[in-house]
*Asks:* 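Input: one structure, supplied below.
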Amino acid sequence: MKKFRKISFTEIKKFSAITILILLSCLVVFCYTLINDRRTFTALSHNLFIEELSANALNMHYTIAYPENFGIEYAPRLSPYTANEGMTREEEIDNIIMSLEGITKSFLKSQDRYTYDLLKKYLLSMKLGARFHLYDEPLSPGSGAQVMLPILLNDYTFRTAKDVDNYLIIMDQIDDYLAGLCTFEREKAAAGLFMSDHAANRVIEQCDTIIGKSDVLAGTHFLQLSFKERIKGLVDSGIITNEKMNEYIAENNRLLLAVVGPAYVRTGDELYLLKGSGQNDMGLVHFPEGQEYYLHLLAASTGSARSIEEIKDWLFIDFRSNYNELVSLLQSHPTLLDKQAMYFVLETPEEMLADLEERMTDNFPAFETAAGNMELLTTDMQKLLSVRNVSPAMEEYASPAYYLSPPIDFYLENTIYINQKNNLSGLSLYTTLAHEGYPGHLYQTVYNRIFMEQTNGNPLRHILHFGGYQEGWALYVEMEAFNYAKQLMIPKYPDIDYIYEYYRLNHALQLGLYSLLDIAIHHDGADISQVKKILATIGIVDDDVCQSIFEYIVSEPANYPKYYLGYLEIESLKEDAKRIWGAKYSDYEFHRIFLEAGPSDFGTLREVIKLPPSGKLK
């Protein structure tokens, strides 16, 4: 038998000392790596945040009111498009992904781990999108730069004299910016990917009319009137003198007449010369890689990772369910369609928003909850908001209503715009204000901004855009507003409370069908004759209306699914939460956790929902 040497006490002490030294060394290395990875991620996030905002002065202004408080110094600029930009962008994204993958995610704090997951998915989606960059359409008739620039300029807030200086510098760059987009359109045309003649005609008309020379010469253009109104506020506050105000007004007039107006005309002329080069006036599927691009666009805009077949089945089952419910409702109330539009007990937007604010309190957390019950906020949420009309000059091009997100460091000042051209009133105005205001976009945005501020959230989260999360939420609460309207109106019309369910189902049917049409047109190749047959199922048979719907969907792919699929995904998350949380579930808790998670794709959100509510992400 082998004999073992007896180990002395001295040797044991030496061995223990060496072991402890090794363990301490390992601990030091671990702590250094952990701290270093956290610092690296913070630095990477900060740099991405600054670089992305600095590339576009309008994005910077609408995201941060006071850049100097973030240590940001930047020259206001609108980066114009350059040749081979897609290829350059893909290389840049690859470098960022490599840097991100060099960080150990498990070493990060909970909130940063969540941001890490979102950022990686976001970057991979952007990389795929860069490959298809010529399929993008920055001058689409519905949401192109030619429409969005005046809207953003019109609401550009003047808080300091520097804001005015930056605004005028931006105005002076619009010609180069639009010229860059024209270069891009020429590249699209050369690749056989230019827009249809119908879409080109609409954009040309917009370019010819939005910056009308006669209005500018008369001093009545909305970008002149709003400029005077905004700059007068600086005079009234003693920030600038009357003399300086007049200098600014003169410069704004000059830029509109000598730079912006001619830039719009040249853009329209460029598109006129490219007319006829478009080889497709139907869905994306008719382009060489159009179907693959559409699948990317659908996933990126909705935040849903479901397969196209699963999405189609889901939308169809939902449509059939809503249709059957509507038929059953009509059978139970055969005179329903004979009912005339009812008198709505509230008339003004302010009255409606106040009512919505009151009715939401039981199921939606107050802003003070996001702030950790700190007494830094007024309990009167109405003080956060003003409601304005869209300028008559923009009514033809603007949405029925819209909300512009406030800066992350100045979120207690919000505006909802109403387009009077759409004649919104009564129930339609009430539900629209729920979508844009409370408990919709405004509430969703301000709640998350407060929460992020109080928990020192990563600023990068504010520029990771997830349309399905945001628009899905707005539609989700809009649907709830039909129930609020019923509660409001029952005292006056107790015998026809069912009519609100009719309006809700009708709204869901329409948006669900438009989402199915979006897939049918862009993925399956449906033409106008097939679209007419599908629209006939909900009673839309007018040829002009059908043509208009078809053309809108062709020019704005994946727009309707962003709303409706986003809404369905939220309802699905809600059902998951009920099943997983059990007795801990409440609508209030679901809404709190959804809002505090912030803009996300639905796959990442589902990981949050898997955990029973136990507080905030730290």
Side-chain angles (χ1 to χ4, degrees), residues 56-63 76-81 137-158 163-164 166-182 185 199-200 202-231 248-249 251-271 388-406 415-422 555-556:
N56 188 305
L58 285 174
N59 287 348
M60 176 70 82
H61 185 76
Y62 275 91
T63 305
R77 63 193 181 100
L78 294 175
S79 299
Y81 174 83
E137 186 46 81
L139 294 177
S140 70
S143 58
Q146 77 286 354
V147 173
M148 293 308 301
L149 273 172
I151 289 173
L152 294 174
L153 291 169
N154 185 62
D155 206 56
Y156 191 103
T157 307
F158 295 156
D163 285 336
V164 187
N166 288 348
Y167 175 90
L168 295 172
I169 292 171
I170 291 168
M171 291 278 282
D172 202 21
Q173 297 176 55
I174 286 176
D175 52 353
D176 289 337
Y177 181 74
L178 291 178
L181 295 184
C182 289
E185 293 295 342
R202 288 187 59 197
V203 178
I204 291 167
E205 180 187 1
Q206 291 167 350
C207 289
D208 288 345
T209 57
I210 289 177
I211 311 293
K213 184 175 181 179
S214 59
D215 292 335
V216 175
L217 287 171
T220 58
H221 192 275
F222 68 92
L223 286 178
Q224 292 172 299
L225 300 178
S226 68
F227 185 88
K228 289 179 180 178
E229 179 185 343
R230 285 173 285 156
I231 205 166
Y248 279 141
I249 289 173
E251 179 63 4
N252 181 58
N253 292 341
R254 185 190 73 79
L255 290 169
L256 280 169
L257 195 61
V259 178
V260 182
Y264 266 71
V265 172
R266 282 194 296 274
T267 301
D269 291 344
E270 288 273 8
L271 294 181
R388 301 177 185 174
N389 290 331
V390 171
S391 168
M394 288 298 294
E395 287 179 351
E396 187 67 30
Y397 317 112
S399 302
Y402 60 89
Y403 161 75
L404 289 175
S405 299
T415 305
I416 292 175
Y417 284 92
I418 305 293
N419 191 339
Q420 294 300 319
K421 177 178 180 291
N422 295 84
S555 64
E556 300 290 336

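What you see is a predicted model; the values in this text were computed from it and never measured.
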*Asks:* Could you tell me whether Glu205 and Arg202 have a side-chain N and a carboxylate O separated by less than 4.0 Å?
*Replies:*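 Salt bridge absent between Glu205 and Arg202.
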
*Asks:* Check whether any side-chain N or O of His221 sits under 3.5 Å from a backbone N or O of Ile210 as a donor-acceptor pair, and report yes or no.
*Replies:*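 The answer is yes, because a donor-acceptor pair under 3.5 Å joins these two groups.
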
*Asks:* Are Glu270 and Leu181 packed together at the side-chain level, in the sense that at least one heavy-atom pair is separated by less than 4.5 angstrom?
*Replies:*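 Counting from C-beta outward, Glu270 and Leu181 never come under 4.5 Å.
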
*Asks:* Would you confirm whether Tyr62, through its side chain, and Leu152, through its main-chain N or O, come within 3.5 Å as a donor-acceptor pair?
*Replies:*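 Flag set: sc Tyr62 to bb Leu152 pair under 3.5 Å.
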
*Asks:* Considering only heavy atoms from C-beta outward, does the side chain of Arg388 approach that of Asp155 to under 4.5 Å?
*Replies:*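 A side-chain contact under 4.5 Å exists here.
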
*Asks:* Counting only N and O atoms by type, is there a donor-acceptor contact under 3.5 Å from the side chain of Glu185 to the main-chain atoms of Leu271?
*Replies:*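 Not confirmed, Glu185 side chain does not pair with Leu271 backbone.
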
*Asks:* Could you please spell out the steps behind the side-chain contact (heavy atoms from CB on, under 4.5 Å) verdict for Leu178 and Arg266?
*Replies:* CA-CA 9 Å; Leu178 291 178; Arg266 282 194 296 274; over 6 Å; no

*Asks:* Donor-acceptor check, side chain of Gln173 to backbone of Leu78, threshold 3.5 angstrom: yes or no?
*Replies:*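 Flag set: sc Gln173 to bb Leu78 pair under 3.5 Å.
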
*Asks:* Quick one: does Leu149's side chain get under 4.5 Å of Ile151's, heavy atoms only?
*Replies:*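 Heavy-atom side-chain distance check fails, nothing below 4.5 Å.
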
*Asks:* Quick one: CD1 on Ile211 to CG on Leu153, what's the gap to the nearest 0.5 Å?
*Replies:*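 Atom-to-atom, Ile211:CD1 and Leu153:CG are 8.0 Å apart.
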
*Asks:* Does some side-chain heavy atom of Tyr403 sit less than 4.5 Å from a side-chain heavy atom of Tyr417?
*Replies:*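 No. Closest side-chain heavy atoms not under 4.5 Å.
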
*Asks:* Classify the side-chain pair Ser143/Glu556 by whether it contains a donor and acceptor separated by less than 3.5 Å.
*Replies:*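 Yes, a side-chain donor-acceptor pair sits under 3.5 Å.
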
*Asks:* Measure from the side-chain N and O atoms of Asp215 to the backbone N and O of Thr220, and report whether any donor-acceptor pair falls under 3.5 Å.
*Replies:*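 Here the side-chain-to-backbone pair does not exist.
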
*Asks:* Looking at Tyr177, I'd like to know if the NZ or CZ of Arg77 sits under 6.0 Å from its six-membered ring centre while staying within 45 degrees of the ring's axis.
*Replies:*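 Here Arg77 fails the 6.0 Å and 45° test against Tyr177.
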
*Asks:* Show the numbers, then the answer: is there a side-chain contact (heavy atoms from CB on, under 4.5 Å) between Ile416 and Tyr402?
*Replies:* CA-CA 6 Å; Ile416 292 175; Tyr402 60 89; over 6 Å; no

*Asks:* Counting C-beta onward and ignoring hydrogens, is there a side-chain heavy-atom pair between Asp163 and Thr157 closer than 4.5 Å?
*Replies:*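 No; the side chains remain at least 4.5 Å from each other.
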
*Asks:* Under the 3.5 angstrom rule, does the side chain of Gln224 hit a backbone N or O of Leu217 as a donor-acceptor pair?
*Replies:*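 Not a single qualifying donor-acceptor pair exists.
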
*Asks:* Would you say the side-chain atoms of Gln146 pair up with the backbone N or O of Val203, donor to acceptor, closer than 3.5 Å?
*Replies:*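 No.
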
*Asks:* Any non-hydrogen side-chain atom of Asp208 less than 4.5 Å from a side-chain atom of Ile204?
*Replies:*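 Counting from C-beta outward, Asp208 and Ile204 do come under 4.5 Å.
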
*Asks:* Show your reasoning for whether side-chain contact (heavy atoms from CB on, under 4.5 Å) applies to Phe227 and Tyr167.
*Replies:* CA-CA 10 Å; Phe227 185 88; Tyr167 175 90; 3.6 Å; yes

*Asks:* Indicate yes or no: at least one non-hydrogen side-chain atom of Leu139 is less than 4.5 angstrom from one of Val147.
*Replies:*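 Leu139 vs Val147: side chains apart.
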
*Asks:* Taking side chain as C-beta onward, heavy atoms only, is Pro141 less than 4.5 Å from Gln206?
*Replies:*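 A side-chain contact under 4.5 Å exists here.
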
